[in-house]
S.K.: 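Pasting a structure here, questions to come.
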Amino acid sequence: MSSDKIQVTFEDGRRQVFPRGISLDEALKASGGPDRAWIAARLDGNLVDLKRTLDADATVEGLSADSDKGLEILRHSASHIMAEAVKALFPEARVAIGPAIEHGFYYDFEVEKPFTEEDLERIEAKMAEIISSRLTFQRKEISREDAIAFFQKRREMYKVELLGEIPDAMVSLYEQGDFVDLCRGPHIPDTGSVKAFKLTSVAGAYWRGDERNRMLQRIYGTAFGDKEALEKYLHFLEEAHKRDHRRLGRELDLFSFSDEVGAGMVIYHPKGAILRHILEAFEKREHLRRGYHLVMGPTLLKTELWKRSGHFDHYRENMYFTEIEEQSYGIKPMNCLAHMLIYKSKIRSYRDLPLRLFELGTVHRHEKSGVLHGLLRVRQFTQDDAHILCMPEQLHKEIQDIIDFVIEVMGIFGFAYDMEISTRPEKSIGTELDWERATNALISALEDKGIPYTMCEGEGAFYGPKIDVKLRDALDRRWQCATIQCDFTLPERFDLTYIGVDGQRHRPVMVHRVILGAIERFLGVLIEHFAGAFPTWLAPVQAVVVTVSDAQLPFARQTFEKVRDLGVRVELDDRNEKLGYKIREAQVQKIPYMLVIGDREVAGGHISPRRRDGTQLETMTPESFAALIEKECLDATKGKVGLGII
RNA sequence: GCCGGCGUAGCUCAGUGGCAGAGCAGCUGAUUCGUAAUCAGCAGGUCGCGGGUUCAAAUCCCAUCGCCGGCUCCA
């Protein structure tokens, strides 16, 4: 290859020769590849601006707003545009940081007065102006010292602070219009690439996420490469809002909260309570099937005991205390203590292990008022909690069994989930060997099953590593449900032992684990997952009997009682309304089956079932209907739940 | 806990200093109807709670409880 030519390999494998020094932009245009609006590129694997020139042979991939990376770059640029708009309207504002995030971007500002909704509109208008003037993003590389001097002169102290922590001698700045930001890049070629954007909300946020620091004002927004994508996203938000469990909880009459009762306390109405009963009955059965013992511990335990377990030192802020006859008691925030005492109630042999103690344990935690969120974050909740005490060599098998359990249950409910392994944090106790063995047990359990997971280094509990299983709510927020945690501390603190084959005392290992997690939270995610239209096996009301007119009421009552006797959760709508009205009610209540009774059905001794999806079934006897839905329940739960579970 | 917003009938909401409103739901009556809303009438309020300003407060101010969006936290 002559010295003034270079060879470029494109993403799709095509190769082409260009003059040395050609820009990526020109190379992509000349490449004859798909004609798309490129906004940045990957050059030999690194993300770069389109203006970057090619001085040697290279592989090149153009990025458009259709790709995840491209969209991320677009949104990052949108945050710079927003910052420029804010600086233009509020010259006294100081800029902090402004990254792209999962569904958009934000930028943090230090301002005297928080932004208002009207401010957001003005900022949006200014952004639209900046976008239509198609300002180019210019990259500049300067020395760190010069950058510090530059931002100091502009009194952008947050940037100066950030620069103080960058070790590199050279840093890059990006400039568009009057706005200059410290930024690694890359960015879109000019502001015109942002075809659709919207500022969504404003909220306070601590500088660097530390509550000891000053609270800044964060503006959230989102941006896309075309208007349709933005419309689609806004539509998604609308749909998500409709399936918000707090809204459905009220509409379907499942539960409520009351400011007279207090924050974070769930009041279960009949339909919500039956849902919970179904979940709990399902769980008890599944735990017994897997060799767990059902136990129950008290709610109040002496504070002395919480001191011994370490909760008083490490968890006091989240606990409620009370006094009974001059003796201090703590309300349990976790269920482990009684389980420890059950273990200790007699001498244990290796033959007793593993010992699996399961409790649907109701706990109370003092969560800060600002974090409460419907059923997903409450102050009183019930965990499907178990503690497994086993020999160290049994740990691997126990963890695998728990993972199987979690997978089977998530499969029945139809949840997708993400798994995370959290390793040793800085502040922790236990030997290096213990941690290594436990962490490896968790990793190998997941790897043996071929389950993908992410590592969260240093995110473990102080007493041991853990696997967390996260489910997503309607708005794509992730909530921890199942968790599997190894613990070396409690067996130590409570001096738990077992007699080994060798006749000597040994220390058992403990695993804390929940499958659904908190029943409340799980229920909340479940409601959103099904948008309130529960499968028949979970539906609080499985069928409603509706008549064409009052004339069929006597037969309808008989039928209703018969179907109820067969174990179906059924209701009778005996209101004097037209059939269409009653069908609509049932539909809105998302009841799986409507059992229609008119003169024809009375004559034949039949019912005419209609599914909530609108399908009309053959007329049938109450017995065949019960058999039909029993089969449906069994099919949905892999044979575990039929009729009359509770 | 922190920043901002909000709290009016069971629900969704209108009402910004001068008589507390609408739709749906509820109740009563009429209608007796075949698969997503029959008609009419009636009733329903401590305007979250407590103070204050004012001749007068749902409306303005303070405090408090609760809710919403974030931040922080989440053993």
Side-chain angles (χ1 to χ4, degrees), chain A residues 101 106 108 111 113-117 119-120 200-220 241 244 246-247 250-251 253 256-265 309-311 313-319 333-334 336 363 365-374 376-377 422 425 427-428 459-464 466 468 475 477 479-480 483 485 487 489-490 512 517-518 521 546-553 575-589 594-601 608-612 614-617:
Chain A
I101 52 175
Y106 68 78
D108 286 347
V111 280
K113 276 168 69 176
F115 297 112
T116 63
E117 287 295 318
D119 292 339
L120 286 197
T200 48
S201 63
V202 58
Y206 301 108
W207 166 237
R208 318 209 101 180
D210 189 327
E211 62 184 326
R212 288 166 304 194
N213 288 340
R214 169 161 191 162
M215 182 160 276
L216 308 174
Q217 291 298 312
R218 174 172 298 176
I219 302 177
Y220 285 92
H241 180 62
D244 187 313
R246 293 165 297 189
R247 176 198 184 98
R250 186 172 52 241
E251 288 175 359
D253 200 11
S256 63
F257 292 91
S258 157
D259 53 359
E260 291 175 289
V261 169
M265 311 289 181
S309 68
H311 286 87
D313 286 341
H314 293 280
Y315 205 66
R316 191 183 351 170
E317 300 304 309
N318 286 290
M319 288 180 65
M334 298 181 203
C336 27
V363 298
R365 293 184 186 174
H366 178 219
E367 302 290 350
K368 289 180 183 173
S369 59
V371 307
L372 301 173
H373 184 93
L376 301 182
R377 195 78 181 266
S422 298
K427 279 180 68 181
S428 58
E459 297 284 305
F462 76 93
Y463 52 72
K466 58 178 184 169
D468 288 332
L475 286 169
R477 291 178 287 211
W479 295 90
Q480 181 183 311
T483 178
Q485 313 181 341
D487 184 354
T489 314
L490 279 184
H512 305 246
R521 175 176 291 181
V546 291
T547 58
V548 172
S549 79
D550 285 355
Q552 300 90 28
L553 271 180
R575 292 175 302 175
N576 177 9
E577 295 289 352
K578 287 165 82 168
L579 179 62
Y581 180 91
K582 289 184 276 195
I583 295 274
R584 180 174 189 279
E585 282 289 270
Q587 201 74 46
V588 168
Q589 286 296 308
M594 293 142 235
L595 309 179
V596 178
I597 293 178
D599 286 338
R600 291 200 294 274
E601 285 73 24
S608 174
R610 172 197 200 272
R611 284 211 180 94
R612 77 183 148 202
T615 40
Q616 183 64 52
L617 276 57

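Sequence lines set the chain letters: A, B, ... in the order given, protein chains first and strands last, and positions in each chain run from 1.
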S.K.: Could you tell me which nucleotide pairs with B:C47 by Watson-Crick or G-U wobble geometry, both distances under 3.5 Å, or answer none if nothing does?
M.R.: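 B:C47 is unpaired by these criteria.
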
S.K.: Please report the distance, rounded to the nearest Å, between CG in A:Asp550 and C1' in B:G29.
M.R.: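 About 14 Å, once rounded to whole Å.
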
S.K.: How many Å lie between CD1 on A:Ile219 and C1' on B:C3, as a whole number?
M.R.: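 In whole Å, B:C3 C1' lies 13 Å from A:Ile219 CD1.
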
S.K.: With a 3.5 angstrom cut-off on both distances, give the Watson-Crick or G-U wobble partner of B:C42, or none if there isn't one.
M.R.: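 Result: B:G26.
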
S.K.: Could you list the protein-to-nucleotides 69-72 of chain B atom pairs, N/O on both sides, closer than 3.5 Å?
M.R.:
from, atom 1, to, atom 2, distance (Å)
B:G69, OP1, A:Arg246, NH1, 3.2
B:G69, OP1, A:Arg246, NH2, 2.7
B:G69, OP2, A:Arg246, NH1, 3.1
B:G69, OP2, A:His373, ND1, 3.4
B:G70, OP1, A:Arg477, NH1, 3.2
B:G70, OP2, A:Arg477, NH1, 3.3
B:G70, O3', A:Tyr220, OH, 3.0
B:G70, O2', A:Tyr220, OH, 3.1
B:G70, N2, A:Gly204, O, 3.4
B:C71, O4', A:Gly204, O, 3.2
B:C71, O2', A:Tyr206, N, 3.0
B:U72, O2', A:Glu211, OE2, 3.1

S.K.: Between B:U12 and B:C71, how far apart are the C1' atoms? Round to whole Å, please.
M.R.: 31 Å

S.K.: Rounded to the nearest angstrom, tell me the gap between atom CZ in A:Arg212 and atom C1' in B:C2.
M.R.: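 One finds 14 Å between C1' of B:C2 and CZ of A:Arg212, rounded.
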
S.K.: Only counting residues at least two apart or in another chain, list the ones meeting salt bridge (charged side-chain N to carboxylate O under 4.0 Å, His left out) with A:Glu585.
M.R.: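 By the salt bridge (charged side-chain N to carboxylate O under 4.0 Å, His left out) rule, A:Glu585 matches A:Arg575.
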
S.K.: Without swapping roles, check the side chain of A:Arg521 against the backbone of A:Leu376 for a donor-acceptor pair under 3.5 Å.
M.R.: yes

S.K.: When the C1' atoms of B:C6 and B:U59 are compared, how many Å lie between them, rounded to an integer?
M.R.: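 So the two C1' atoms sit 15 Å from each other.
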
S.K.: Determine which nucleotide pairs with B:G21, using a 3.5 Å limit on both distances of a Watson-Crick or G-U wobble pair.
M.R.: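 Partner of B:G21: B:C13.
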
S.K.: Mind checking if A:Arg575 touches a base, just sugar-phosphate, or nothing, with heavy atoms under 4.0 Å?
M.R.: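 A:Arg575: backbone/sugar contact only, no base atoms under 4.0 Å.
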
S.K.: Is the backbone N or O of A:Pro333 less than 3.5 Å from a side-chain atom of A:Arg365, with the two atoms forming a donor-acceptor pair by type?
M.R.: yes

S.K.: How is A:Lys582 classified with respect to the nucleic acid when contacts are heavy atoms under 4.0 Å: base, sugar-phosphate, or nothing?
M.R.: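 The answer is nothing, as A:Lys582 stays clear of every strand by at least 4.0 Å.
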
S.K.: Hey, could you give me the CG/CZ distance between A:Leu617 and A:Arg611, rounded to the nearest 0.5 Å?
M.R.: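 The distance works out to 4.5 Å.
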
S.K.: Would you say the side-chain atoms of A:Asn318 and A:Glu367 include a donor-acceptor pair closer than 3.5 Å?
M.R.: no

S.K.: Tell me what A:Ala263 touches on the nucleic acid: a base, only sugar-phosphate, or nothing, going by heavy atoms under 4.0 Å.
M.R.: sugar-phosphate

S.K.: Could you tell me the Watson-Crick or G-U partner of B:A57, where both distances fall under 3.5 Å? Say none if there is no partner.
M.R.: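 Result: none.
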
S.K.: Rounded to whole angstrom, note down the P distance from B:C61 over to B:G17.
M.R.: 12 Å

S.K.: Output the rounded distance in Å from CD (A:Glu317) to P (B:C73).
M.R.: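 Rounded to the whole Å, the gap is 15 Å.
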
S.K.: Within the sub-3.5 Å range, which N or O atoms of nucleotides 8-13 of chain B have a protein N or O partner, and how far apart are they?
M.R.:
from, atom 1, to, atom 2, distance (Å)
B:C11, O3', A:Arg250, NE, 3.3
B:U12, OP1, A:Arg250, NH2, 2.8

S.K.: In whole angstrom, give me the gap between the P atoms of B:A20 and B:A57.
M.R.: 11 Å

S.K.: If you measure from the P atom in B:U64 to the same atom in B:C19, how many Å do you get, rounded?
M.R.: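 Taking atom P in both B:U64 and B:C19, they lie 32 Å apart.
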
S.K.: Which is more 5' along RNA chain B, the nucleotide nearest A:Lys466 or the one nearest A:Ser549? Just name the residue.
M.R.: A:Ser549

S.K.: Would you check if the side chain of A:Gln616 reaches a backbone N or O of A:Pro609 as a donor-acceptor pair within less than 3.5 Å?
M.R.: yes

S.K.: Using atom P in both nucleotides, what's the gap between B:C11 and B:G26 to the nearest angstrom?
M.R.: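 About 14 Å, rounded to a whole number of Å.
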
S.K.: Under the salt bridge (charged side-chain N to carboxylate O under 4.0 Å, His left out) test, which residues partner A:Arg208, sequence neighbours left out?
M.R.: A:Glu161, A:Glu165

S.K.: If we call it a pair only when both distances are under 3.5 Å in a Watson-Crick or G-U wobble match, what pairs with B:C33?
M.R.: none

S.K.: Which is more 5' along RNA chain B, the nucleotide nearest A:His366 or the one nearest A:Gly262? Just name the residue.
M.R.: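 Nearest-nucleotide comparison on RNA chain B picks A:His366.
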
S.K.: Return the CE to OG distance between A:Met265 and A:Ser258, rounded to the nearest 0.5 Å.
M.R.: 11.0 Å

S.K.: Specify the separation, in whole Å, of atom CG of A:Leu595 and atom P of B:G34.
M.R.: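 Taking CG of A:Leu595 and P of B:G34, I get 19 Å after rounding.
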
S.K.: Using the C1' atom in both, what is the distance from B:U54 to B:C74, to the nearest Å?
M.R.: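 One C1' to the other, the span is 48 Å.
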
S.K.: Can you tell me how far CG of A:Asp468 sits from OG1 of A:Thr483, rounded to the nearest 0.5 angstrom?
M.R.: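 The distance works out to 4.0 Å.
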
S.K.: Atom CD of A:Glu251 to atom P of B:C24: distance rounded to whole Å?
M.R.: 17 Å

S.K.: To the nearest angstrom, how far is A:Asn318 atom CG from B:C74 atom C1'?
M.R.: 8 Å

S.K.: Counting only Watson-Crick pairs (N1-N3 plus N6-O4 or O6-N4) and G-U wobbles (N1-O2, O6-N3), all under 3.5 Å, who is the partner of B:C2?
M.R.: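 By the stated definition (distances under 3.5 Å), B:G70 pairs with B:C2.
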
S.K.: Please encode protein proximity along nucleotides 35-44 of chain B as a string of B, S and -, counting only heavy-atom distances under 4.0 Å.
M.R.: BBBB------

S.K.: Counting distance only, does the side-chain N/O of A:Thr116 pair as donor-acceptor with the main-chain N or O of A:Asp119 below 3.5 Å?
M.R.: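 Such a contact is found between A:Thr116 side chain and A:Asp119 backbone.
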
S.K.: Taking side chain as C-beta onward, heavy atoms only, is A:Leu579 less than 4.5 Å from A:Val596?
M.R.: yes

S.K.: On a whole-Å scale, what distance lies between the P atoms belonging to B:G48 and B:U35?
M.R.: 45 Å

S.K.: Looking only at atom types and distance, does a side-chain atom of A:Thr200 sit under 3.5 Å from a main-chain N or O of A:Tyr220, one as donor and one as acceptor?
M.R.: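 It does hold such a pair.
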
S.K.: Is the ring centre of A:Tyr463 less than 6.0 Å from the ring centre of A:His314?
M.R.: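 Centroid distance A:Tyr463-A:His314: not below 6.0 Å, so no.
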
S.K.: Please enumerate all residues that pass salt bridge (charged side-chain N to carboxylate O under 4.0 Å, His left out) together with A:Arg316, with sequence neighbours excluded.
M.R.: none

